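Before any comments, here is the structure.
Note that the coordinates shown come from a computational prediction; the quantities given were computed from them, not determined experimentally. The chains referred to below are lettered A, B, ... by the order of the sequence lines, with proteins before strands, and numbering in each begins at 1.
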Amino acid sequence: MRLVRLEIEGFKSFGTHVSFEIKNGIVSIVGPNGSGKSNIVDAIRWLFGERANSKLRMSETADVLYFGSNSMKRAERAWVKAVFEEDGKEISVERIYQSDGKNTYLLNGAVARLKDVEELFFGTGTGKDFYSIVGQGEISNLVNSSPIQIKSLVEEAA
Amino acid sequence: MRLVRLEIEGFKSFGTHVSFEIKNGIVSIVGPNGSGKSNIVDAIRWLFGERANSKLRMSETADVLYFGSNSMKRAERAWVKAVFEEDGKEISVERIYQSDGKNTYLLNGAVARLKDVEELFFGTGTGKDFYSIVGQGEISNLVNSSPIQIKSLVEEAA
Amino acid sequence: ARKRLISTMELLNENFSRMISVLFSEGTGMMSFTEGFDILDAPVEINVKLPGKKIQKLYTMSGGEKSLVGIAFIFSLLMINPSSFYVLDEVDAALDDFSTQRFINLLEEYSKVATFIVITHNKFIMERADTLYGITMMDGVSTIIPVELSEFSDSKVE
Amino acid sequence: ARKRLISTMELLNENFSRMISVLFSEGTGMMSFTEGFDILDAPVEINVKLPGKKIQKLYTMSGGEKSLVGIAFIFSLLMINPSSFYVLDEVDAALDDFSTQRFINLLEEYSKVATFIVITHNKFIMERADTLYGITMMDGVSTIIPVELSEFSDSKVE
Ligand SMILES: Nc1ncnc2c1ncn2[C@@H]1O[C@H](COP(=O)(O)OP(=O)(O)OP(=O)(O)O)[C@@H](O)[C@H]1O
Ligand SMILES: Nc1ncnc2c1ncn2[C@@H]1O[C@H](COP(=O)(O)OP(=O)(O)OP(=O)(O)O)[C@@H](O)[C@H]1O
Ligand SMILES: [Mg+2]
Ligand SMILES: [Mg+2]
């Protein structure tokens, strides 16, 4: 399974639609301080069901909605979509948050539960807590974590 | 009052004597990862009486002693000295830790208590908790601290 | 005490808003006592509005933005309660090239009235130093080595 | 389950010690179950010995050394339990030029079998990207801008 595309709209500072084509190899994202790079990492964690506001640098669930600026009003919904490819077939996962508080997950366009998303990706090395997503400032956490915490990372990999 | 010299011997990775002449302006310290730069910051905090091992990246007080290598044996004592200049006179502060656990402070060469050191430097903007020492990774702490913590920094400055 | 605290806060707020506009080019910053408290007990609030954005909650700021606010705070206090020396250990780690340049400009401006000990891996900062110390680890012992600035152009700090 | 855990650990230890010797040039690393526990309950210990130094306690490591150990761990797991994509948000922030180069070499080697999304301010890393996305904030909204690599040579990422 390989990630091939990531789309965001209305999530945090991404007030307008953006789409990233992800090719194999090294995809580098660059830009000035505060331009929105780490918000992309938050978008990926949120898509896979991250509930802890502290891991998403938020204090309430509505913080995901683009809060508007001089030229644009606040977003009505936050939407993140990731498209994977496996054996030539495409698999898409989406999450939508609306300003009325409703959360929706979609698998290949059809409404699904978070549980379905987690089951589909189980064992593929993809998920909000997987070792493969390292947020800003987190790379030295491993060395600071306890032997018990390290054990659970290893178990996941077994 | 101005810092003019810093000397270290036997403290952490400084197994042999080093001396830094500190001129006015920008003094930059550079070097590869793990070469001992942040140990200099620990030495300054320790000199001014820092007791919290967590702030000095230690787990026991004896961790201050140079622990030896292939070519040198463990240090018998850790010694840090700072020399200041005020109105043409020199003022020196030293701290010594010996492997028997004994801690000694010296002011201008004479044995003193930590209280004497703290009183001498009170109001000069020098001390282990003063805003002027920013350790590695600490610059964003201000933004993460509570309004109460910020207040106490401001009070110190008043 | 009350009068002094109020005048310190006024001065601090003035300095802080100037520093923010220098470091964020057009941003506005404000420090004030929380409303509804007696000054002596009141916590201190920090508000920052960045160019093009709405007033933002500090916890949504990016890594680089938080570092810049921390730097603004240090320099705001410097003018009110100067210290005999400043130690800044890799405060530039999260900064992009633009932000680093603004930080350097600030360092240079204030290096006429203060002593800064700056630990960094950034060549642009090293180049502006009045004094440059190289540290290296030889056989487990930290020692000082002379550093030629020309060495940095091929960035091999050994 | 017990057999699988033992063989996973053996493989992980092998990978980890190879990664440490690549990232620290001659260092040795080891991961193992804590003695005296049943494998299923046993915590996992990490031991690292750096060139010229004694076996060191992880908490005494420097900022850059901790980041390198974290990177070594990620790449060790990559071979045992590959993920559909990796996100690394400024993992190079604390690294000096040498360490950064070794990290880049590792990225390039494994980019043939994995997809890495690397957020960075470091020009040397940007130059090695197969795909480069620029992000900028225009009037409070994050948008994608095309980036020409030649822009980096004068390092003005706007
Ligand atoms: N809901 C939201 N609506 C609009 N903007 C938001 C929202 N949440 C966060 N932001 C903005 O996003 C910015 C932070 O973005 P991010 O952390 O992704 O920056 P970055 O590119 O990673 O920067 P750095 O290089 O400093 O790490 C903040 O300035 C904040 O104002
Ligand atoms: N008591 C001690 N005796 C000998 N060496 C020590 C002692 N305590 C710490 N060290 C060594 O000091 C090194 C860390 O030094 P320090 O944190 O100052 O590095 P640094 O130059 O700041 O590196 P970075 O650029 O990665 O931040 C560690 O490798 C550790 O082994
Ligand atoms: Mg970021
Ligand atoms: Mg350091």
Side-chain angles (χ1 to χ4, degrees), chain A residues 1-3 6 12-16 18-32 34-41 44 66 68-72 84 121 124-126 130-144 146-148 150-151 153-158, chain D residues 4-5 8-9 12 34 42-46 58-59 61 63 66-67 69-71 73-74 77-78 80-91 93-94 107-108 111-112 115-121 125-126 128-137 139-144 147 157-158:
Chain A
M1 187 186 269
R2 231 176 53 66
L3 175 68
L6 180 68
K12 288 203 169 188
S13 56
F14 291 94
T16 54
V18 291
S19 177
F20 298 90
E21 297 302 318
I22 310 285
K23 300 204 186 66
N24 207 13
I26 303 172
V27 176
S28 192
I29 297 177
V30 303
S35 53
K37 301 182 299 294
S38 298
N39 289 343
I40 299 168
V41 184
I44 294 171
Y66 169 69
S69 69
N70 307 340
S71 56
M72 267 179 74
F84 295 84
F121 286 97
T124 66
T126 311
F130 208 68
Y131 75 91
S132 58
I133 300 177
V134 183
Q136 194 165 3
E138 295 179 5
I139 189 62
S140 48
N141 286 2
L142 171 82
V143 170
N144 301 328
S146 74
I148 311 278
I150 298 173
K151 169 72 179 286
L153 271 170
V154 173
E155 269 169 347
E156 219 183 308
Chain D
R4 257 185 52 205
L5 209 54
T8 301
M9 194 56 179
L12 189 61
T34 312
V44 172
E45 304 270 328
I46 291 184
L58 292 185
Y59 60 80
M61 281 190 159
K66 283 186 180 176
S67 297
V69 172
I71 291 169
F73 184 68
I74 304 266
L77 277 174
L78 188 158
I80 299 175
N81 189 5
S83 172
S84 47
F85 65 93
Y86 291 83
V87 180
L88 305 174
D89 191 353
E90 302 198 27
V91 297
L107 263 185
E108 290 200 309
S111 65
K112 300 187 187 71
T115 304
F116 293 102
I117 298 173
V118 181
I119 297 172
T120 181
H121 294 297
I125 296 177
M126 294 174 193
R128 302 300 178 90
D130 303 308
T131 324
L132 195 58
Y133 280 106
I135 305 277
T136 192
M137 188 68 95
D139 202 11
V141 180
S142 292
T143 50
I144 297 178
V147 190
V157 186
E158 249 306 17

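Proximity to chain D (any heavy atom under 4.5 Å) is restricted, for S19(A), to the backbone atoms N, CA, C and O. For L142(A), the part lying under 4.5 angstrom from a heavy atom of chain D is the side chain only. Contact annotation for N141(A): neither backbone nor side-chain heavy atoms come within less than 4.5 Å of a heavy atom of chain D. Proximity to chain A (any heavy atom under 4.5 Å) is shown, for L77(D), by both the backbone and the side chain. Using a 4.5 Å cut-off between heavy atoms, E138(A) does not touch chain D at all. If you measure heavy-atom distances from L12(D) to chain A, the contacts under 4.5 Å come from the side chain alone. Of the atoms belonging to L6(A), not a single heavy atom falls under 4.5 Å from chain D.
Interface check for chain D: of the options G25(A), G15(A), G36(A), the most heavy-atom pairs under 4.5 Å are formed by G25(A). Counting heavy-atom pairs under 4.5 Å between each of S142(D), S111(D), A129(D), G140(D) and chain A puts S142(D) at the top.
A donor-acceptor distance shorter than 3.5 angstrom exists from the side chain of T34(D) to the backbone of P43(D), with no hydrogens or angles considered. Not a single donor-acceptor pair under 3.5 Å links the side chain of K151(A) to the backbone N or O of S146(A). Checked by atom type and distance alone, the side chain of S28(A) pairs as donor or acceptor with a backbone atom of V118(D) at under 3.5 Å. Between the S69(A) side chain and the D139(D) main chain, a donor and an acceptor come within less than 3.5 Å of each other.
Residues F116(D) and L107(D) are in side-chain contact: their nearest non-hydrogen atoms beyond the backbone lie under 4.5 Å apart.
T115(D) is linked by a side-chain hydrogen bond (donor to acceptor under 3.5 Å, both in side chains) to R2(A), N24(A), counting only residues two or more places apart in sequence or in another chain.
Ring pair F20(A)/Y133(D) is perpendicular by interplanar angle, where above 60° counts as perpendicular and below 30° as parallel.
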